[in-house]
There are 2 protein chains.
Amino acid sequence: MSNIRHALNIKRQDDFAQWYQEVISAADMAEESGVRGCMVIKPWGYGIWERMQRLLDDRIKAAGIQNAYFPIFIPLKNFEREADHVEGFAKEMAVVTHHRLIADREGGLVPDPEAKLEEPLVVRPTSETIIGDAMSRWVQSWRDLPLKLNQWANVVRWEMRTRMFLRTSEFLWQEGHTAHANADEAREEAMRALEMYRAFAEEDVAMPVIAGEKPENERFPGATETWSIEAMMQDGKALQAGTSHYLGTSFADASDIRYQDAEGGQQLCHTVSWGMSTRMVGGLIMTHGDDDGLRVPPKLAPHQVVILPMLRDKPEDAALIDYCEQLRAALAEKWTLGEPIRVLLDTRPGKAAAKRWDYVRKGAPIIIEVGGRDMDNGVVSLLRRDSLWNSENGKPAFHTPSRKEAAEQIPAMLEDIQSSLFASAKDRRDANITRGITEMDALAEHFRGSRYPGWVEVEWSKPTGESLEKVVEQLKAHKLTFRNVAIDAEPVSGTCIFTGEPAKERIYVARAY
Amino acid sequence: MSNIRHALNIKRQDDFAQWYQEVISAADMAEESGVRGCMVIKPWGYGIWERMQRLLDDRIKAAGIQNAYFPIFIPLKNFEREADHVEGFAKEMAVVTHHRLIADREGGLVPDPEAKLEEPLVVRPTSETIIGDAMSRWVQSWRDLPLKLNQWANVVRWEMRTRMFLRTSEFLWQEGHTAHANADEAREEAMRALEMYRAFAEEDVAMPVIAGEKPENERFPGATETWSIEAMMQDGKALQAGTSHYLGTSFADASDIRYQDAEGGQQLCHTVSWGMSTRMVGGLIMTHGDDDGLRVPPKLAPHQVVILPMLRDKPEDAALIDYCEQLRAALAEKWTLGEPIRVLLDTRPGKAAAKRWDYVRKGAPIIIEVGGRDMDNGVVSLLRRDSLWNSENGKPAFHTPSRKEAAEQIPAMLEDIQSSLFASAKDRRDANITRGITEMDALAEHFRGSRYPGWVEVEWSKPTGESLEKVVEQLKAHKLTFRNVAIDAEPVSGTCIFTGEPAKERIYVARAY
């Protein structure tokens, strides 16, 4: 296949990080804004995020969770209440200190010293403490529980080294916050959210994930337990793509979220939070992108089918557009993957071949070109983005069904693209998980010796406190991190690779974003 | 009807401002957050906003506008570029000056002096200048035009006197931003957005509005022309519920948005912006609320039909729930007003009568109670929120269709509620517009003499500059403001009520929110 001329300049295997940037630019998804650490999400990238929002929001609502909205500003005193929480976030918060600008002597603008806030406000990095305030007002008795809320919002965590979608100072996310009468119900909700993320990632994003518990050192600041879904990117690194936290009673204690139980006693609530962000868009790119750009799973594609008439700026164009419009209309009436097909007929000026490559780079699942000859023959020229090339001749693998056949076949074809993207990502992921390494030296060698070492699942004794810190330092020396302990992991049989003690569970080790 | 015991404590006619607050609280829509000027939007209020978003977003997308997302932080220097714009906003901006907190000597948190930003950032009050930066990168040639963007976002304008939904420091909105090759196309887009808002307000929110041009003194800071939709609240005051601005080339000049025309020359773009916010929720309350709480038009109701089985915590409940569930399922399959019916079967513990009044106060369009006797008779007890009372006996006006009839009639009933809410709001609005006042004294007397004077449409000579300022001061003395000049106003025939010069157009004068 060396004679294929791919649509990108940089190949994944040559420089994965540069390739990632090129996909974002070539697919017109986002760009640097000029504002420190903040990106502009361009229409194609934002369209994918809107699709993610819609599908995840449907799952959130189906679980009986109610959307609400809480202030972007959080008073400093809220953070002072939960020591671990502030320790985890204080270093990266945007702080509002003034509420007015005035002109300085040079005619520029400066914060007005007369308008200094008595208490500075923090731009939310996460909303446990401000939603906790509301929960403490809303929860009085056991009848008010469980209280299940979610918000779609922007949050800010000041980042020194940023990377589009993966790590930006401002990002978009949803954060679920629930309060429960006891630990069991709270844990059940944390696990429900984890399973919701797994299903969303695998069924909608077509991204295979491991759902499991994070080790102590990777917990959310202030949490009792943190669970995550972890996905393998094409460079073998791990991406944490969604988290769910059982917060115990520590946030309830800090925010005074109490309820009167059926016997009249006062009890602290057990709280839970869970979040998924625009980081998932970065995960999508690194899961499904190829050397021709992005490939968007049909469930997330703003346009699932793009029709490109080969216009020549001549009177004959009208008939060609009409021919294409009939296909568009026929497809728009059909459903696939639970929704009406999203089809775009692109009649903007410009060469069809140039547009074809634009949509290849953007990753539209099906691209249809129609020229005069196609119309005369009653056919269309159809490209499947998930199998773009004819490996025999190195050219784009056009199919030429009749227009009627195309309309009939496309719903199933989109379903097939959705499942084949998942299957190929899962095959790759599974092929790059190594098991059976039982010595630390061998583990280090595995990651040293291979360019794409993937993940290793090892048996460990689940040390805590200082013992755990030592192990984490050991891993850090090899740029390795713990990912999670899969909820469906095999039972252990041996000794801990780090401590030599009897193993308690299996944990994934990997390089990570 | 004096024997009716209404669900609220405060009646509109007794204290409209207090009544407004009571509706928000009784319908569980929002509350003070404890953070200065910011509110918490509770699930019922947010659910209505989500419905507004969905319906307006559909209209935005149908017009070929693309959603995107731009940074919440705007560098100070962006504001310095457009003098009128900064003059209009500098007095009410939240300013970020630090990116880290540290512990002070008392164990509290303070902004870290070491982490002071070199250039402060402003939390966006509106995004013309930051989107202008992007437009200047994205627009090169005439082929890139028109460029049509929209963003759904939170914005902050520091407000000293706040009022939930109507005026809060943080609010949610959409802001459309478009760039065009010439003034005609830009004005056309501004008018398209105005018409979109009119249609959204009247067809979706069931709120009659006057679409028209704002006078010079009411223009958006930096705009060449500002257009608005104005709605009359039940106290006769005006609410500006959406605006559209033709910005001329001033923002393009400030942000350097230029294009190469077909002849190779460099031209400035003409830009447009338009916005609608959570203020619309306040408008909905003051348009459709009554002395029993909110009434939500079916198109915006999170639940259009609420079914309340009269549970008694006994084994018979199962049959009753099953009876109700069959109605729920039958309704959920039906469509009305272009979408599937949104129906809730509420089986939470609690008395059905108490829940009935909760949903009356929330304004669910149709409330259905089902007791054992209803089930035995094969009927349901149905309340229409828009005609709640039997005026003869002062009791709730229950209808008792058979369950089958209910399922059949409800789609049309919801359509009827949607249109009758609009019709009654329009009748009220039209009845409270006065025309024919030709003397300033008579105008002042009209507003002085009546508790609900509504609006007055007067003929005026459209003065500008200082002449206009004098007129505005004159009105201000009577707490009056100009609203807008209707796009479909009658031609003028007389002299200006303010200047005595020949009239040029008709303009609305009113008290306003």
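Everything quoted here is computed from the prediction, not taken from an experiment. The chains referred to below are lettered A, B, ... by the order of the sequence lines, with proteins before strands, and numbering in each begins at 1. For the numbers below, each heavy atom of this structure counts, side chains included, while hydrogens, waters and symmetry mates do not.
- In this structure, B:H303 and B:W44 have tilted ring planes: the angle between them lies in the 30° to 60° band.
- In this structure, chain A has no heavy atom under 4.5 Å from any part of B:I102.
- A:P349 does not touch chain B: none of its heavy atoms, backbone or side chain, sits under 4.5 Å away.
- Side-chain polar atoms of A:E50 and B:Y69 form no donor-acceptor pair below 3.5 angstrom.
- Interface check for chain B: of the options A:D133, A:T168, A:L76, A:V122, the most heavy-atom pairs under 4.5 Å are formed by A:L76.
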* Asked: Step by step, would you call A:T178 with A:L147 a side chain to side chain contact (heavy atoms under 4.5 Å, CB included)?
  -> CA-CA 5 Å; A:T178 64; A:L147 177 61; over 6 Å; no
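- Using modelled atom types, one finds a donor on one side chain and an acceptor on the other under 3.5 Å when comparing B:E175 with B:S127.
- Of the inter-residue distances, the one linking A:K42 atom NZ with A:S25 atom OG reads 7.5 Å to the nearest 0.5 angstrom.
- With chain A as partner, the option from B:F73, B:W49, B:F70, B:F79 having the largest number of non-hydrogen pairs under 4.5 angstrom is B:F73.
- Atom NZ of B:K91 has 12 or fewer heavy atoms from other residues, nucleotides or ligands within 6.0 Å.
- Among B:T97, B:I74, B:V110, B:L149, the residue making the largest number of heavy-atom pairs under 4.5 Å with chain A is B:T97.
- Heavy atoms closer than 4.5 Å to chain B are found in the side chain of A:L117, but not in its backbone.
- A salt bridge links A:E339 with A:R51: the distance from a Lys NZ or Arg NE/NH1/NH2 to an Asp or Glu carboxylate oxygen falls below 4.0 Å.
- Taking chain A as the reference chain and counting heavy-atom pairs below 4.5 Å, the highest number among B:R137, B:E119, B:R348, B:K77 is found for B:R137.
- If you measure heavy-atom distances from B:L121 to chain A, the contacts under 4.5 Å come from the side chain alone.
- Ranked by non-hydrogen atom pairs under 4.5 Å with chain A, the options B:G34, B:P71, B:C38 are led by B:P71.
- Chain A forms the most heavy-atom pairs under 4.5 Å with one residue out of B:Q151, B:R143, B:K61, and that residue is B:K61.
- Surrounding CG of B:D313 are at most 12 heavy atoms belonging to other residues, nucleotides or ligands under 6.0 Å away.
- Among the candidates B:E92, B:M93, B:Q66, the residue making the largest number of heavy-atom pairs closer than 4.5 Å to chain A is B:M93.
- For the residue pair B:N150 / B:D57, no side-chain donor-acceptor distance below 3.5 Å is found, with atom types taken as modelled.
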* Assess whether side chain to side chain contact (heavy atoms under 4.5 Å, CB included) is satisfied between A:N154 and A:W173, documenting all intermediate values. => CA-CA 6 Å; A:N154 53 344; A:W173 79 345; over 6 Å; no
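- In this structure, no portion of A:M29 lies under 4.5 Å from any heavy atom of chain B.
- With a 4.5 angstrom heavy-atom cutoff, A:R157 does not touch chain B via any of its atoms.
- In this structure, the portion of B:E32 lying under 4.5 Å from any heavy atom of chain A is its backbone and not its side chain.
- Neither the backbone nor the side chain of A:E87 comes within contact range of chain B, judged by heavy atoms closer than 4.5 Å.
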